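Please read the structure below before turning to the comments.
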Amino acid sequence: MAAHLVRVVHRMTRQVRQLAERTPPQRERHVDLLRAVAITAVVVGHWLAIYVTRDGRGFQGASILQLASWTHPLTWLFQVMPLFFLVGGFANATSFTSHLRRGGNATGWVLGRTARLLRPTTMLLGGLAVAALTAGVLGAEPDLIGVAVWLASIPLWFLVAYIAVTVLTPPMYALHRRAGLAVPIILAVLVGGGDLARLVLTVPYVGQANFLLAWLAVHQLGFAWQDGHLPSRRSVALPMAAAGFVALVLLTVVGPYPVSMVGFGGEEIRNTSPPTLALLALAVTQTGIALWTRDRGNRWLRRPGPWTVVVAVNLVIMTLFLWHMTAVVIGVLVLHGTAVMPDATPGSALWLLLRVPWLACLALVLALLVAVFGRFEHRTGPRADPVGTVKGVWPTALTIAGVGAVLAGLLALALAGLGYHGPVGLPVRVLVAYFGGVALLGLVRRRYSRPAQE
């Protein structure tokens with residue numbers, strides 16, 4: 001096993017070096033850096049925030065945000081999902097327009113783009129089901145299995161929104177070509193209307209639309225950056241960052257929204273569930289900073305060393321994100337009761353000091369997980385996903401049905417919440433919907449996709 005892992009790591013290292021050396025000069029490397037920074041911040045933020053104790057009832061865990069209010073402003077640094085959607089919009093616009101220039105169509109692009117997201121997602125869901133079933137056979141308590149699977153599956157909740165905005169790229173990009181920055185502005189107004197309906201008028205369900213509207217707004221900013229509607233000039237970037245920051249302060253410190261940009265139990269209002277205007281203000285701030293640092297970032301990434309590291313992270317970026325909470329589960333089970341993870345009071349000086357070895361141990365566990373599962377994320381060569389055209393009403397309908405089933409499965413997982421959901425750890429409806437959707441999309445790719453005309 002160890003020898004196999006060494007071979008896998010060696011093969012991935014060689015692939016990273018080759019990809020870094022072959023990078024075309026026109027590539028927007030700063031976008032790749034921002035994506036790597038965003039996911040790294042999410043991983044480290046989650047690892048720092050979580051705490052686990054054990055008593056007569058078993059393992060108990062929560063967020064340090066619930067105990068220490070001084071941590072709330074720090075979430076302005078670690079809440080970088082807006083940045084991820086921003087660079088996602090940039091990358092999706094670049095990929096989609098390139099695909100169309102090569103003769104492809106929207107359905108073919110959606111199939112190819114979703115495949116890159118669903119390969120690592122499928123590995124995680126399948127791995128969790130096998131692990132839960134194995135743990136049950138070995139005699140683990142159902143409640144412990146439920147908590148472990150729930151923790152490990154937390155990253156999947158984010159994918160509901162990200163897959164949705166990715167699938168909507170073709171029509172939303174067409175709308176962007178017609179209306180430009182008016183699109184995210186209107187979406188932001190709708191988010192504000194959802195906040196008003198939910199928080200002031202107490203209208204049920206209306207505010208839940210912000211889960212899509214807010215992230216679509218940020219994704220559209222990525223479109224605007226990609227085609228020059230949002231230039232990376234200092235005269236644009238700095239006022240944008242300053243305006244976003246002032247709005248963030250007014251909406252949180254002065255206004256009705258909580259300071260914390262990460263939701264946790266006990267809050268009456270959460271800035272992430274669903275996303276609020278305050279989170280959009282943070283997104284505007286991060287967009288301004290991203291534009292401001294663009295030229296310096298690209299110059300720095302001309303150096304082989306930093307660029308190779310960025311390429312390595314991006315090569316397995318979804319694997320890193322999806323498996324980082326599984327690393328927490330493994331870390332808790334292995335380290336609990338040791339000197340690295342004693343029963344220190346969460347938030348105490350000792351607890352804070354022990355975050356250093358805690359992070360180091362989790363990084364090692366995650367590195368092993370990436371070595372095992374990272375190779376499933378990226379494919380090159382003749383076995384890569386076809387990028388071309390898919391024509392006809394029937395294949396298009398099957399694609400829509402497949403995407404809908406995948407989203408329904410992931411959404412059902414998010415709504416299932418904490419608890420034991422059977423021998424495989426996940427609700428059966430989640431597995432049926434998700435894997436059925438993946439199978440349907442795979443069928444369309446194999447039978448109906450045609451190569452694009454060069």
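This is a predicted model, so every value here is computed, not measured.
Counting all heavy atoms, side chain and backbone alike, Ala283 lies closest to Val218 at CB-CG2, 3.8 Å. Residues Pro274 and Asn210 share a closest heavy-atom pair of CB-CB, 4.0 Å. Pairing each heavy atom of Pro275 with each of Asp195, the nearest pair is O-OD1, 4.0 Å. The shortest non-hydrogen separation linking Thr319 to Pro120 is OG1-CB, 4.1 Å. Minimum interatomic distance between Ile64 and Tyr51 (heavy atoms only, all atoms of both residues): N-CD2, 3.8 Å. Between Val329 and Ala152, the closest heavy-atom pair is CG2-N, 4.2 Å.
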Evaluate the criterion side-chain contact (heavy atoms from CB on, under 4.5 Å) for residue pair Leu441 and Leu111; output intermediate values, then yes/no. CA-CA 7 Å; Leu441 293 173; Leu111 282 169; 3.8 Å; yes

Give the intermediate values and the outcome of side-chain contact (heavy atoms from CB on, under 4.5 Å) for residues Gln286 and Ile289. CA-CA 5 Å; Gln286 292 177 351; Ile289 295 173; 5.6 Å; no

Between Ile317 and Glu377, does the side-chain contact (heavy atoms from CB on, under 4.5 Å) criterion hold? Intermediate values first, please. CA-CA 9 Å; Ile317 198 154; Glu377 179 172 349; 3.9 Å; yes

Pair Trp307-Thr23, side chain to side chain donor-acceptor pair (under 3.5 Å): steps then yes or no: CA-CA 10 Å; Trp307 177 237; Thr23 304; 2.8 Å; yes

Before giving the answer on side-chain contact (heavy atoms from CB on, under 4.5 Å), spell out for Leu125 and Phe435 the whole-Å C-alpha distance, their side-chain angles and the decisive distance to 0.1 Å. CA-CA 9 Å; Leu125 276 174; Phe435 284 104; 4.2 Å; yes

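Side-chain atoms of Cys361 and Leu364, non-hydrogen and from C-beta on, never get closer than 4.5 Å to each other. Side-chain contact check for Leu151 versus Ile50: some heavy-atom pair is nearer than 4.5 Å. Taking the side chain as every heavy atom from C-beta outward, Met123 and Leu322 never approach each other to under 4.5 Å. Under the 4.5 Å side-chain criterion, counting only non-hydrogen atoms from C-beta, Leu156 is in contact with Ser153. Taking the side chain as every heavy atom from C-beta outward, Pro258 and Asn271 approach each other to under 4.5 Å. The shortest distance between side-chain heavy atoms of Leu320 and Val316 falls below 4.5 Å. Two residues are said to be in side-chain contact when any heavy atoms from C-beta on lie closer than 4.5 Å; Val37 and Thr40 fail this criterion. Side-chain contact between Leu212 and Leu168 is present, with heavy atoms from C-beta onward closer than 4.5 Å.
The line from OG1 of Thr326 to CG of Leu362 is 11.5 Å long, rounded to the nearest 0.5 Å. Taken to the nearest 0.5 Å, the CG atom of Leu350 stands 4.5 Å off from the CG atom of Leu354. Here the CH2 atom belonging to Trp323 is positioned 5.0 Å from the CG atom belonging to Leu124, to the nearest 0.5 angstrom. Between the CG atom in Leu431 and the NE2 atom in His421 there is a gap of 11.0 Å [rounded to 0.5 Å]. Atom CG of Leu34 sits about 10.0 Å away from atom OG1 of Thr287, to the nearest 0.5 Å. Remark: Arg119 CZ to Thr114 OG1 distance equals 10.0 Å, nearest 0.5 Å.
No donor-acceptor pair closer than 3.5 Å links the side chain of Thr202 to the backbone N or O of Arg198. Between the side chain of Arg355 and the backbone N or O of Trp351 there is at least one donor-acceptor pair closer than 3.5 Å. Side-chain N or O atoms of Trp47 include one that pairs as donor or acceptor with a backbone N or O of His324 at under 3.5 Å. A distance-only check finds no donor-acceptor pair linking the side chain of Ser98 to the backbone of Thr94 [under 3.5 Å]. The closest donor-acceptor contact from the side chain of His46 to the backbone of Val43 lies at 3.5 Å or more, if one exists at all. Judged by distance alone, with hydrogens and angles left aside, the side-chain atoms of Gln66 form a donor-acceptor pair with the main-chain N or O of Ser63 at under 3.5 Å.
A donor-acceptor pair shorter than 3.5 Å cannot be found between the side chains of Asn92 and Tyr173. Arg113 and Ser95 form a side-chain donor-acceptor contact under 3.5 Å, judged by distance and modelled atom types alone. No side-chain donor-acceptor contact under 3.5 Å links Thr389 and Asn105. Tyr434 and Thr121 form no side-chain donor-acceptor contact under 3.5 Å, judged by distance and modelled atom types alone.
A distance of 6.0 Å or more separates the ring centres of Tyr162 and Trp215.
Salt-bridge formation is detected for the pair Arg35/Asp32: a Lys NZ or Arg NE/NH1/NH2 atom is positioned less than 4.0 Å from an Asp or Glu carboxylate oxygen.
Applying the 6.0 Å contact sphere to OH of Tyr420 captures more than 12 heavy atoms from other residues, nucleotides or ligands.
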Below 3.5 Å, can you tabulate the donor-acceptor pairs from side chains in residues 75-90 to any protein atom, sequence neighbours excluded?
residue : atom : partner : partner atom : Å
Thr75   : OG1  : His72   : O            : 2.5
Thr75   : OG1  : Met261  : N            : 2.8
Trp76   : NE1  : Val259  : O            : 2.7
Gln79   : OE1  : Met81   : N            : 3.1
Gln79   : NE2  : Met261  : O            : 2.9

